[in-house]
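Structure first, commentary second.
Every chain is numbered from 1 and lettered A, B, ... according to where its sequence line falls, protein lines coming before strand lines. The structure presented is a predicted model; accordingly, all values stated were derived computationally and were not measured.
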Amino acid sequence: MNIQESLENAVKDGMKTLFEVNIPSVEFQETRKEFEGDLTVVVFPFLKFVKGNPFEIATKLGNYLKKNISELSDFNVVKGFLNLTISDNYYLQSFDKINNSKNYGIKKASNDEKSVMVEYSSPNTNKPLHLGHIRNNLLGYSVSEIIAATGKKVYKTQIINDRGIHICKSMLAWERYGNGETPESTGLKGDKLAGNYYVKFDEEYKKEITSLIAKGASEDEAKKNAPILVEAQNMLRKWESGDEKIISLWKKMNQWVYDGFDKTYEELGVNFDMNYYESNTYLLGKNIIADGLKRGVFYKKEDGSVWIDLTEEGLDEKIVLRADGTAVYMTQDIGTAIQRFKEYPDLDSLVYTVGNEQDYHFRVLILILKKLGYAWAQHLYHLSYGMVDLPSGKMKSREGTVVDADELIIEMTDTARSISQELGKLESYSEEEKEKLYKTIGLGALKYYILKVDPKKRILFDPKESIDFNGNTGPFIQYTYARIQSILRKVDFDYSKKITNITLHQKEKDLIKLLDYFKEIIYNSALNLSPALLANYTYDLVKEYNSFYQILPILGNDNLQEKILRTQISNQVGNTIKNAFKLLGIDVPERM
RNA sequence: GCCCCUGUAGUUCAACGGAUAGAAUAAAAGUUUCCUAAACUUUAGAUCUAAGUUCGAUUCUUAGCAGGGGUACCA
């Protein structure tokens, strides 16, 4: 609340007047429900500056504040906690402010703000997207939206990993065993078709290894010399030298995969402002290495490979260029980052949404860029998130142990359908409207399930236990929104009038407090790159509203003043749910 | 070996160093003449261990223990 700022100053003044000390900062917290009051000043930290009994200090301070701050209606002291009661009129005023701003808490993009690039998704073009990618996409998209809501311009981007040995593997397997299959001929999504051949390659590769070992080769030799692998490597060389036949096969199969991805992205509701392709960026960075070598940032080993020594920073030595002069992953990441800041002069910072298995890589990358002297390197962030694991362990596309993204979305929609049909509240809806709703609810459940968890934490997903639709879930929040819309449809009076001089119910105060908090939550979520904060806030708001809804009559109230205020609160809770969910990439239904 | 992340009710998640650690789910009981019961109200249940810092530690420090990841001329 804004009152917190004026109170902070008043507390400082009070401590100065009463005890002649300067307090550097004041700690406020919500008053716990079991105590009387709205806002609490923690007095304990003041003991460093004033000797004495915390209870007495708090009491003196309370008297001072009550005298000097008109919005304060009362106070009480428990131990070292000074509980302040804010007047109802102050609540009504701050609610009026919320009501009058169009999308409270959401800042429009302004031109003076610097822009942020968020990279996420970044798929390989040899296999379909799975649950792990879903987490990545939801996080990246949501963080982009949240940052944008703080007024910054955001570029959403993905770098598509469209080249390399793994791509050649599925190309080779298709060439050998595909019999000219296409997405059209099989009816399969293109990414699924390509993925099947990636799996096929691995099967054949394993067979060859087994047979080589049977013939007396060692395991290492067998892995290295399996003919199918040698052939794939050969294909990669041809690709790099621009062999027309290979390039055209590569283009064809990649296009299949892009078409498939586009469908999945559309289902998920994520999008990008621009794409980068690794086939365009994989040679970047080499000149930077050469330059850094001259300046002594890097050093060359006898065999010609180039390294950086990060032992002073507590890390290891890291290779940045191979002995044969070819680039490694790090090389192109260095080059790509530099290129992006060149291409977008308004760019201030860059967020990489990448799994925590690459924590080390990004620490090194950021450090190298700093050492190379790029000032913007201190605004690079790795949005690192935990893996989504199955009870059986890690998901591996090669071995087919994955939860497929498209299938999961379908399953969630199916569950929503069957629950909804059982409840049977949608008589007036057409089949088309119903199907759209089922998808909204199913995706809402999935997205919320993933986003409510702190990104850092790993998620263990058990396909046997389906994702909940009750409790702290997306559908619970969507349901509350739908109920609010139902109320608003029934309103037959004007509720635009500002309400003053009314005694507020505790539930009304709690809701106004929470609504007010929305702005701060967005700011915190952006700062911490954590949609989970926003998700949990929304849940708290909804929980509070449902309790309010149950206890207090809204439309059935005889008192017009109260009726108007409660309708306004309902409306505002609805708006906040909708806006919060929009930042999470989740839709809300008008009824369900 | 070294480095990073995570350990909270049976399970899934919360808690700027603050009061009696909150929710959900599963369990038990209740609430529909009343704005959508996908809701609400009760009951029972947890901070990995040990030291330390602090008026106060789930939170910070150190040492263990457990799980995950990294430490490649793979990406």
Side-chain angles (χ1 to χ4, degrees), chain A residues 27-29 31-35 40 42-45 47-48 54 78-81 83 122 124 161 163-166 278 282 301 303-307 314-316 318-330 332-333 355-361 363 384-387 389 393-394 416 419-420 422-423 425 441 445 449 452-454 456-460 462 465 467-480 482-491 524 532-533 535-537 539-540 542-543 545-557 566-567 570 591-592:
Chain A
E27 189 186 324
F28 287 98
Q29 58 182 274
T31 303
R32 290 198 147 232
K33 297 231 158 149
E34 55 269 38
F35 300 102
T40 296
V42 185
V43 176
F44 289 112
L47 295 177
K48 276 181 202 143
V78 181
K79 290 189 255 179
F81 299 95
N83 300 324
S122 305
N124 288 334
N161 196 330
R163 65 162 287 283
I165 187 73
H166 50 294
E278 206 181 287
Y282 82 109
K301 286 197 177 172
D303 63 4
S305 56
V306 181
W307 296 71
L315 303 174
D316 299 322
K318 190 81 192 171
I319 188 161
V320 291
L321 204 63
R322 290 193 189 100
D324 63 7
T326 55
V328 292
Y329 183 36
M330 190 62 77
Q332 55 167 306
D333 266 7
N356 64 7
E357 52 192 359
Q358 295 196 37
D359 284 355
Y360 186 73
H361 173 79
R363 274 179 73 188
S384 160
Y385 62 91
M387 298 286 105
D389 290 331
K394 236 184 145 168
I419 292 175
S420 192
E422 209 169 298
L423 293 169
K425 296 196 220 171
I441 297 171
Y449 173 83
K452 76 169 176 185
V453 182
D454 180 348
K456 267 192 304 193
K457 290 193 175 168
R458 138 185 130 102
I459 293 181
L460 194 66
D462 189 345
E465 288 177 34
I467 294 173
D468 270 330
F469 281 66
N470 295 320
N472 184 359
T473 66
F476 169 82
I477 293 166
Q478 289 172 322
Y479 172 70
T480 305
R483 262 208 318 202
I484 291 172
Q485 299 319 301
S486 169
I487 286 181
L488 296 177
R489 278 193 295 269
K490 289 187 177 144
V491 169
N524 275 339
L533 295 177
N536 285 309
Y537 160 81
Y539 175 69
D540 288 340
V542 163
K543 187 94 184 120
Y545 181 81
N546 278 335
S547 170
F548 159 88
Y549 177 95
Q550 201 75 19
I551 295 171
L552 304 174
I554 300 166
L555 302 179
N557 196 327
R566 288 178 190 170
T567 308
S570 301
R591 62 180 78 198
M592 69 186 271

Which listed nucleotide (B:rU36, B:rC55, B:rU71) is nearest to the side chain of A:Ala482?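 Between B:rU36, B:rC55, B:rU71, the one nearest the side chain of A:Ala482 would be B:rU36.
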Go through B:rA19, B:rC74, B:rC35 for me and flag the one nearest to the A:Phe81 side chain.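 Of the options given, the side chain of A:Phe81 lies nearest B:rA19.
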Using the [atom1] atom in both, what is the distance from [N] to [M], to the nearest Å?
N      : M      : atom1 : value
B:rC74 : B:rC65 : P     : 34 Å
B:rG64 : B:rU54 : C1'   : 23 Å
B:rA27 : B:rG45 : C1'   : 10 Å
B:rA29 : B:rC48 : C1'   : 34 Å
B:rU43 : B:rC35 : C1'   : 30 Å
B:rU58 : B:rG17 : C1'   : 11 Å
B:rA14 : B:rA21 : C1'   : 10 Å
B:rU59 : B:rU49 : P     : 10 Å

So, under a plain 3.5 Å distance rule, would you say the side chain of A:Thr40 forms a donor-acceptor pair with the base of B:rA19?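 Such a pair is found, so the answer is yes.
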Counting any heavy atom closer than 4.0 Å, what does [X] reach on the DNA or RNA strands: base, sugar-phosphate only, or nothing?
X        : result
A:Tyr360 : sugar-phosphate
A:Gln478 : nothing
A:Leu552 : base
A:Pro54  : nothing
A:Asn83  : base
A:Asn124 : nothing

When you check the phosphate oxygens OP1 and OP2 of [N], does a side-chain N or O of [X] lie under 4.0 Å from one of them?
X        : N      : result
A:Arg32  : B:rA21 : no
A:Arg363 : B:rC5  : no
A:Lys456 : B:rU6  : yes

Whole angstroms only, please: what is the [atom1]-[atom2] distance between [X] and [N]?
X        : N      : atom1 : atom2 : value
A:Leu47  : B:rC55 : CG    : P     : 9 Å
A:Met330 : B:rA72 : CE    : P     : 12 Å
A:Asp359 : B:rC5  : CG    : C1'   : 7 Å
A:Ile319 : B:rC74 : CD1   : P     : 8 Å
A:Lys48  : B:rG17 : NZ    : P     : 14 Å
A:Lys33  : B:rU20 : NZ    : P     : 18 Å
A:Arg489 : B:rU36 : CZ    : P     : 8 Å
A:Asn356 : B:rC3  : CG    : P     : 18 Å

Quick one: ring pair (Phe, Tyr, Trp, His ring centres under 6.0 Å) partners of [X], sequence neighbours excluded?
X        : value
A:Phe548 : A:Tyr545
A:Tyr479 : none
A:Phe469 : none

Restricting to side-chain contact (heavy atoms from CB on, under 4.5 Å), what partner residues turn up for [X], sequence neighbours left out?
X        : result
A:Leu47  : A:Phe44, A:Pro54, A:Ile57
A:Ile551 : A:Lys507, A:Ser547
A:Tyr329 : A:Asp333, A:Gln358, A:His361
A:Asp316 : A:Tyr360

Non-neighbouring partners of A:Arg363 that pass side-chain hydrogen bond (donor to acceptor under 3.5 Å, both in side chains), sequence neighbours left out: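 Scan of A:Arg363 (side-chain hydrogen bond (donor to acceptor under 3.5 Å, both in side chains), adjacent residues dropped) gives none.
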Partners passing side-chain hydrogen bond (donor to acceptor under 3.5 Å, both in side chains) against A:Thr40 (at least two apart in sequence or in another chain):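 For A:Thr40, the residues satisfying side-chain hydrogen bond (donor to acceptor under 3.5 Å, both in side chains) (neighbours in sequence not counted) are A:Thr31, A:Asn83.
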For A:Val328 and A:Arg322: C-alpha separation, side-chain torsions, deciding distance, then whether side-chain contact (heavy atoms from CB on, under 4.5 Å) applies. CA-CA 7 Å; A:Val328 292; A:Arg322 290 193 189 100; 3.8 Å; yes
Would the distance check show the side chain of A:Arg566 and the main-chain N or O of A:Pro553 forming a donor-acceptor pair, the cut-off being under 3.5 Å?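 Such a contact is found between A:Arg566 side chain and A:Pro553 backbone.
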Is a donor on one side and an acceptor on the other found under 3.5 Å between the side chain of A:Ser486 and the backbone of A:Ala482?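 Not at all, since once roles are kept as given, no pair shorter than 3.5 Å links the two residues.
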Do A:Tyr549 and A:Ile487 make a side-chain contact, defined as non-hydrogen atoms from C-beta onward lying under 4.5 Å apart?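 Sidechains of A:Ile487 and A:Tyr549: in contact.
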Heavy-atom check, side chain of A:Lys452 versus side chain of A:Tyr539, under 4.5 Å: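 SC-SC contact between A:Lys452 and A:Tyr539 ruled out.
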Letter by letter from the 5' end, nucleotides 37-48 of chain B scores (B base, S sugar-phosphate only, - none; protein heavy atoms under 4.0 Å) SBSSS-------
In the 5'-to-3' direction, what one-character label does each nucleotide of nucleotides 10-16 of chain B receive under the scheme B = base within less than 4.0 Å of a protein heavy atom, S = sugar-phosphate only, - = no such atom? ---SS-B
Does the side-chain ring of A:Phe44 sit on the six-membered ring of the B:rG56 base, less than 5.5 Å centre to centre and under 30° in tilt?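 No; centroid distance or tilt outside limits.
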Quick one: do A:Thr473 and A:Asp468 satisfy side-chain hydrogen bond (donor to acceptor under 3.5 Å, both in side chains)? Show the steps, please. CA-CA 7 Å; A:Thr473 66; A:Asp468 270 330; over 6 Å; no
For RNA chain B, stems built from three or more consecutive Watson-Crick or G-U wobble pairs below 3.5 Å: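 The stems are B:1-7 with B:65-71, B:10-13 with B:22-25, B:27-31 with B:39-43, B:48-52 with B:60-64.
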Between A:Glu34 and A:Ser486, who's closer to the 5' end of RNA chain B by nearest nucleotide?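 Going by which nucleotide is closer to the 5' end, it is A:Glu34.
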Select from A:Ile554 and A:Val78 the residue whose nearest nucleotide in RNA chain B is closer to the 5' end of that strand.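 Whichever sits nearer the 5' end wins; that is A:Val78.
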Base orientation of B:rU32, syn vs anti, 90° cut from 0: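 Here B:rU32 takes the syn form, which means its glycosidic angle is within 90° of 0.
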